[in-house]
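Written below as structure tokens is the structure these notes are about.
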Amino acid sequence: MIRVLSGIQPSGELHIGNYFGAIQAWVNDQHSFDSFFTIVDLHAITVEHSPEELRSNTLSLAMTLLAAGLDPQICTIFVQSHVSAHAELSWLLECTATYGELSRMTQFKEKGRSDESIRAGLFTYPALMAADILLYQAERVPVGEDQRQHLELTRDIAIRFNTKYGETFKIPEATIPPLGARVMDLAHPTKKMSKSAKSRAGTIFILDSPDEIAKKVGRAVTDAENRVEYDADRKPGVTNLLEIYCAATGENPSEVASRHKMYGDLKKSATDALVALLEPLQARYIELSKDPAEVGRILKLGSQKAMDIAAPTLKMAKNNIGLVIP
Ligand code: TYM
């Protein structure tokens, strides 16, 4: 059976960009593939963080993923740091990737290539991400558009390792959804919606109340024309609302555009679609948060399963690169 692996950082609250770019596909993939989903806490310490917040974000993210529909009976959900093979394989891959490759990563450049005080782990971050994927021999990696370059690098590292040291890893592929792969900030529609945006106004969080959703969508930046058209270059704000609506409903953006005359109509439809999608998820979140011990149990079982799958790949990689296996 084809294996799926994907990950998400516990670096803040989940937003609809994460949901449409990745989580929605995870929920679908779990029914068709042997699926592994990991909360990548080791990636979250590559930037300034608070230890207490990291701990509570990790648990609340696990609850949000379960509330969104990941079913621990059919997929494996685990915390990255619980499986030490990730950190171990990461070192072998850091020694396979080159300085030039890591320097070219857009996310690294955006987060502060020129800043001397950034953490070294931010630079080597993509090698750890490659380890996450390659350890499980995953072939499908459902992610949003911003992770495409990291997936290309993962493939390059895997091919190089296999060529130099012998067949070790399957070569994975990114699966990127046709709609919602790059949800934009509602207040700045030319910028990606992000957990770390300075203001919350342009980000719709999964746990936002219907009132908050209505307010944020109502204030979404559009343009002065008041004509609904699906055209990302000319109308980034309107196009973003169309994509959000269609990612939630499965409809076609051009058809939806032709059905809506004024921006107010489109905003009303987008609000209703988001509330209908998120309300049941939020109710499940409240239920799950009454029993955090159960979430801990699910994560523990998940990490045991992940360890069993990761161990033989790590051993083979160590052997092939020339380490003595005890
Ligand atoms: P992270 O935590 O930033 O985001 C998790 C997932 O959400 C997607 N995403 C978006 N999709 C659409 N529109 C947006 N505005 C948006 N913002 C985020 C991301 O593309 C991602 O799929 N490096 C990864 C985490 C990671 C990983 C992995 C992913 C670590 N190891 C192994 C896949 C496989 C990250 O920082 O995602």
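Being a predicted model, the structure only gives us computed values, none of them experimental. Computed from heavy atoms alone, side chains included, the values below leave out hydrogens, waters and symmetry copies. In listed order, ligands and their atoms are each counted from 1.
Under the rule for a salt bridge (Lys or Arg N to Asp or Glu O under 4.0 Å), the partners of E88 that lie at least two apart in sequence or sit in another chain are K318. Every residue meeting the side-chain contact (heavy atoms from CB on, under 4.5 Å) condition with V221, not counting sequence neighbours, appears here in chain and number order: P189.
For the residue pair Q107/Y125, the side-chain donor-acceptor check at 3.5 Å is not satisfied. Side chain to side chain, D71 and Q30 fail the donor-acceptor criterion of an N or O pair below 3.5 Å.
Contact residues for ligand 1 (protein heavy atom closer than 4.0 angstrom to any ligand atom): L5, S6, G7, I8, Q9, H15, G17, N18, G21, A22, V40, H43, Y125, M129, D132, I133, V141, V143, G144, D146, Q147, G180, A181, R182, V183, K192, M193, K195.
A salt bridge does not link E279 with R284: none of the charged nitrogens is closer than 4.0 Å to a carboxylate oxygen.
Sorted by first and then second residue, the pairs that involve residues 189-202 and meet salt bridge (charged side-chain N to carboxylate O under 4.0 Å, His left out), not counting sequence neighbours, are E13-R200, D146-K192.
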